[in-house]
Amino acid sequence: MNAGVVGIGRYLPNKVVTNFDLEKVMDTSDEWIRTRTGIEERRIAPDEIDTSDMAFEAAKNAIKNAGISAEEIDLILVATVTPDRPFPSISCMLQEKLGAKKAAAMDISAACAGFMYGIVTAKQFIETNVFKYILVVGVEKLSKVTDWNDRNTAVLFGDGAGAAIIGPVSGNRGILSFELGADGTGGKHLYQDEFIIMNGREVFKFAVRQMGESCIHVLEKAGLSKEEVDFFIPHQANIRIMEASRQRLEVPEEKMSKTVNKYGNTSSASIPISLVEELEAGKIKDDDVIVMVGFGGGLTWGAIAIRWGK
Ligand code: UT7
């Protein structure tokens with residue numbers, strides 16, 4: 001039996017902060033941000049909306065979209081590096097808020113690759129027939145760990161949440177292959193003390209190399225050719241990084257998800273937010289082959305190839 005995505009949902013805060021808004025408070029320009037990153041605006045959550053609140057909204061939408069009840073969820077996995085507090089985990093907070101009484105719950109810390117780690121973990125429990133429905137959420141309130149005096153990082157990030165219900169799917173649909181990896185020697189290039197500290201150039205080089213390679217690896221593992229890829233959803237960090245991996249995969253521009261312009265880098269939430277956006281726009285159909293890939297602090301990476309549909 002294959003595990004696949006049987007429901008999706010997302011949540012984005014209402015407040016839009018444009019590059020022009022940032023120009024007024026720091027030494028930067030719309031021109032620099034757009035040409036170096038592709039970002040035009042991002043969403044920022046107000047003080048009264050914390051990470052767990054955004055996770056709850058996205059999770060509710062995914063449960064509804066899957067047509068199941070919260071009581072049917074066996075496990076909750078929340079990928080985040082910006083929890084409300086160190087513990088209890090966001091997943092335990094969600095378990096209560098959703099009334100998912102029988103669900104086990106834990107958070108995953110794999111930065112921007114967290115949602116991929118969550119999906120792949122969920123797949124194992126479903127394909128071994130241990131669990132039936134698993135809620136995987138990618139959620140970040142990066143604005144609370146952003147140094148608004150550091151233009152190197154402040155212009156990049158945004159807040160938001162995306163969620164998926166992973167469950168059994170029919171026929172040859174579902175997750176076809178995956179790759180997960182980590183390189184702790186690169187941890188020094190992207191980490192949080194009080195705020196996010198980043199060596200942008202090093203992370204850029206790593207991302208371009210690793211995203212491209214992981215995409216090729218999941219295709220090889222699934223026995224697919226590049227031509228068989230119908231849609232590509234890379235982690236939305238920087239349009240130049242995304243373009244480099246798109247070219248490696250040789251998928252045309254219109255087949256790559258691009259939401260970084262509207263939401264900036266939302267870390268673990270970027271892939272599920274994009275997935276919802278593309279489904280709503282009708283760009284993904286049943287039986288399409290989709291490649292998703294993420295990379296992030298750790299350093300971590302993860303990719304999957306999935307044949308869409310229940
Ligand atoms: O999810 C994973 C998280 N991280 C990433 O994905 C980040 C990966 N890295 C990147 O996306 C890029 O490295 C950045 C967008 C962060 C930076 O782009 P870059 O082309 O690597 O620029 P750079 O760091 O080489 O900086 C070029 C110049 C510098 O000025 P000097 O030293 O050449 O005079 C910076 O001080 O741009 C300057 N700069 C800015 N200027 C205006 C850096 N940030 C800004 C800014 N506005 N916000």
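These numbers come from the heavy atoms of this one structure, side chains and all, not from hydrogens, waters or symmetry mates. For ligands, and for the atoms within them, numbers begin at 1 and follow the listed sequence. Computed from a prediction, not measured in an experiment: that's the story for all the values here.
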Under 4.0 Å to a heavy atom of [X] - the qualifying atoms of ligand 1, by number:
{"X": "Val203", "answer": "4 (N), 5 (C), 8 (C)"}
{"X": "Thr37", "answer": "15 (C)"}
{"X": "Val155", "answer": "48 (N)"}
{"X": "Cys112", "answer": "1 (O), 2 (C)"}
{"X": "Arg240", "answer": "18 (O), 19 (P), 20 (O)"}
{"X": "Ala237", "answer": "1 (O), 6 (O)"}

**Prompt:** Parallel under 30°, tilted from 30 to 60°, perpendicular over 60°: which one fits the rings of Phe125 and Phe131?
**Reply:** tilted
Identify, for [atom], the protein heavy atom at the shortest distance, and state residue, atom and that distance.
{"atom": "atom 3 (C) of ligand 1", "value": "Asn265 ND2, 3.5 Å"}
{"atom": "atom 35 (C) of ligand 1", "value": "Arg151 NH2, 4.0 Å"}
{"atom": "atom 46 (C) of ligand 1", "value": "Thr28 OG1, 3.3 Å"}
{"atom": "atom 43 (C) of ligand 1", "value": "Asn152 OD1, 3.2 Å"}
{"atom": "atom 24 (O) of ligand 1", "value": "Arg201 NE, 4.0 Å"}
{"atom": "atom 14 (C) of ligand 1", "value": "Asn238 ND2, 4.5 Å"}

**Request:** Can you spot which of Val139, Asp53, Ile273, Ile49 makes a side chain to side chain contact (heavy atoms under 4.5 Å, CB included) with Tyr11?
**Result:** Ile49
**Complete:** When Thr146, Thr37, Asn238 are each screened for side chain to side chain contact (heavy atoms under 4.5 Å, CB included) with Leu156, the one that passes is Thr37
Does the protein come close to [atom] - that is, does one of its heavy atoms sit below 4.0 Å from that atom?
{"atom": "atom 21 (O) of ligand 1", "answer": "yes"}
{"atom": "atom 29 (C) of ligand 1", "answer": "no"}
{"atom": "atom 32 (O) of ligand 1", "answer": "no"}
{"atom": "atom 6 (O) of ligand 1", "answer": "yes"}

**Request:** Between Trp32 and ligand 1, find which residue part has any heavy-atom pair under 4.0 Å and reply side chain, backbone, both or neither.
**Result:** side chain
**Request:** Working to the nearest 0.5 Å, report the span between CD of Gln95 and CG of Leu135.
**Result:** 11.0 Å
**Prompt:** What about Gly200: any of its N or O atoms under 3.5 Å from an N or O on ligand 1?
**Reply:** yes
**Derivation of the salt bridge (Lys or Arg N to Asp or Glu O under 4.0 Å) call for Arg10 and Glu277** = CA-CA 9 Å; Arg10 67 172 172 171; Glu277 181 122 346; 2.6 Å; yes
**Asked** Which atom names give the shortest non-hydrogen contact between Ser268 and Ala111, and what distance separates them?
**Response** CB-O, 3.6 Å
**Prompt:** For Arg42 and Gly158, which heavy atoms make the closest approach, and how far apart are they?
**Reply:** CB-CA, 4.1 Å
Do NZ/NE/NH1/NH2 and the carboxylate oxygens of [X] and [Y] come within less than 4.0 Å?
{"X": "Arg240", "Y": "Glu243", "answer": "no"}
{"X": "Asp287", "Y": "Arg173", "answer": "yes"}
{"X": "Lys310", "Y": "Asp286", "answer": "no"}

**Item:** Option with minimal heavy-atom separation from atom 27 (C) of ligand 1, where the choices are Met26, Arg36, His189, Met198
**Value:** Arg36
**Item:** Proximity of His235 and Phe295 rings by center, below 6.0 Å
**Value:** yes
**Item:** Proximity flag Ile33 to ligand 1, non-hydrogen atoms under 4.0 Å
**Value:** no
**Message:** Using modelled atom types and a 3.5 Å cut-off, is there a donor and acceptor pairing between side-chain atoms of Asp159 and backbone atoms of Leu142?
**Reply:** yes
